[in-house]
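The block underneath contains the structure these notes are about, expressed in structure tokens.
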Protein chains: 2
Amino acid sequence: MKVNYSKSIPYNDDALDRLFKALSDRTRRAQLARLVKGPASISELAEPFDMSLPAASKHLKVLEKAKLVSCKKSGRVHYCQLQPEVLQNVEHWLTDYREFWNEKLDKLAQFVARESDDE
Amino acid sequence: MKVNYSKSIPYNDDALDRLFKALSDRTRRAQLARLVKGPASISELAEPFDMSLPAASKHLKVLEKAKLVSCKKSGRVHYCQLQPEVLQNVEHWLTDYREFWNEKLDKLAQFVARESDDE
DNA sequence: ATTATTGTTAACCAGTTGGTTTAGTATTGC
DNA sequence: GCAATACTAAACCAACTGGTTAACAATAAT
């Protein structure tokens, strides 16, 4: 089943706002990068960044609201897990532009090819 | 010439910050969407959004700083053009995660397939 | 020369963000 | 029971955002 994500489909602006906003902070991107390697507690996610636990915790909340991360409590430890599926929204959003930049790259490639022919 | 954008390469955080921040506002995304259809003046980019010219102009500046748009003045009108190449940074940034979510989707597909077999 | 058009700049404002510290709540371990 | 651990909640702060209006500059049209 293929979903049509082409130009006419209205993207969910609220979701994209939350997503891009979540991704616009390098600390949060670093936390995501850490989570690629596997689940982690909030302390583990705070430690490498030289910031207080509350700060790290707040970042995690932003990631959770964007649905990039899910956390569940086990005892007193909160285990956080990457939930990368929502990044497909970014992927789909890019579609219209990918076409555009490929065109430009093609033109550049043709230009370069033509230049080399002249030499 | 292939550039290695794999995990070990440090992404340019400043550029990604500017890029994701620029994309995190729906007005700016709408302006980009408009520019897919071709260059436009600042007035044209302000008009559909029921906002003042200075506001639209500020958004354009954010897009320019992220290098998503380039503007040049001709007479008194500023023509703005989409510069989508920089979105490849987003594309590349996604790489590590794409792998991750494809895995998950594969597992889901396998699960679904097994379920249908049972029926 | 005047006037209209297309923007920019500056000053301002309310709300958000990213950080802090301090205090409090569960849970675990001794 | 008591102390340590892992976190959350609240209050605060400076800086940034996204918007406004008012004033200005530059170009075009009459």
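Here is the naming used below: chain letters follow the sequence lines, and residue numbers restart at 1 for every chain.
A sub-4.0 Å separation between OP1 or OP2 of D/dG19 and a side-chain N or O of B/H59 is present. Note on A/H78: a side-chain N or O is less than 4.0 Å away from OP1 or OP2 of D/dT8. Side-chain nitrogen and oxygen atoms of B/S43 include none within less than 4.0 Å of the OP1 or OP2 phosphate oxygen of C/dT5. For B/T27 and D/dG18, the shortest distance from a side-chain N or O to OP1 or OP2 is not below 4.0 Å.
Counting atom types as modelled, B/R76 pairs no side-chain N or O with a base atom of C/dT6 as donor and acceptor under 3.5 Å.
The main-chain N or O of B/A33 is found under 3.5 Å from a side-chain atom of A/Y97 such that the two form a donor-acceptor pair. B/E47 contributes no side-chain N or O that, together with a main-chain N or O of B/E44, makes up a donor-acceptor pair within less than 3.5 Å. Looking at A/R28, its side chain never comes within 3.5 Å of a backbone N or O of A/L23 through a donor-acceptor pair.
Nearest-nucleotide positions on DNA chain C place A/R28 closer to the 5' end than the other of A/S74 and A/R28.
Among the heavy atoms of the strands lying under 4.0 Å from B/S52 is at least one base atom, whether or not backbone atoms are also near. Nucleic acid contact for A/K58: base, since at least one base atom lies under 4.0 Å from a heavy atom of the residue. Residue A/L53 is in base contact, counting any heavy-atom pair closer than 4.0 Å across all strands shown. Nucleic acid contact for A/R26: none, since no nucleic acid atom lies under 4.0 Å from a heavy atom of the residue.
If you take CE of B/M51 and P of D/dT21, they are 12 Å apart, rounded to a whole angstrom. For B/D17 and D/dC16, the CG to P distance is 13 Å, given to the nearest whole Å. Atom CD1 of A/I42 and atom P of D/dT5 are 18 Å apart (whole Å). We find that OH of B/Y79 is positioned 13 Å from C1' of D/dT27, with the value rounded to whole Å. What separates NZ of B/K72 from P of D/dA26 is a distance of 22 Å, to the nearest Å. At whole-Å resolution of the value, NZ in B/K73 and P in D/dA28 are 9 Å apart. Atom P of nucleotide D/dC16 and atom CZ of B/F20 are separated by 21 Å, given to the nearest angstrom. The interatomic distance linking B/K61 (NZ) with D/dT17 (C1') rounds to 16 Å, in whole Å.
Closest to the side chain of B/P54, from the set C/dT6, D/dA22, D/dC7, is D/dA22. Comparing C/dG7, C/dT8, D/dT8 by their nearest atom to the side chain of B/V77 picks out C/dG7.
Linking ILVMFWY side-chain heavy atoms closer than 4.5 Å, directly or via other members, places B/V77 and B/L60 in two distinct hydrophobic clusters. Hydrophobic cluster membership differs between B/M51 and B/V69, with clusters built from Ile, Leu, Val, Met, Phe, Trp and Tyr side chains linked at under 4.5 angstrom.
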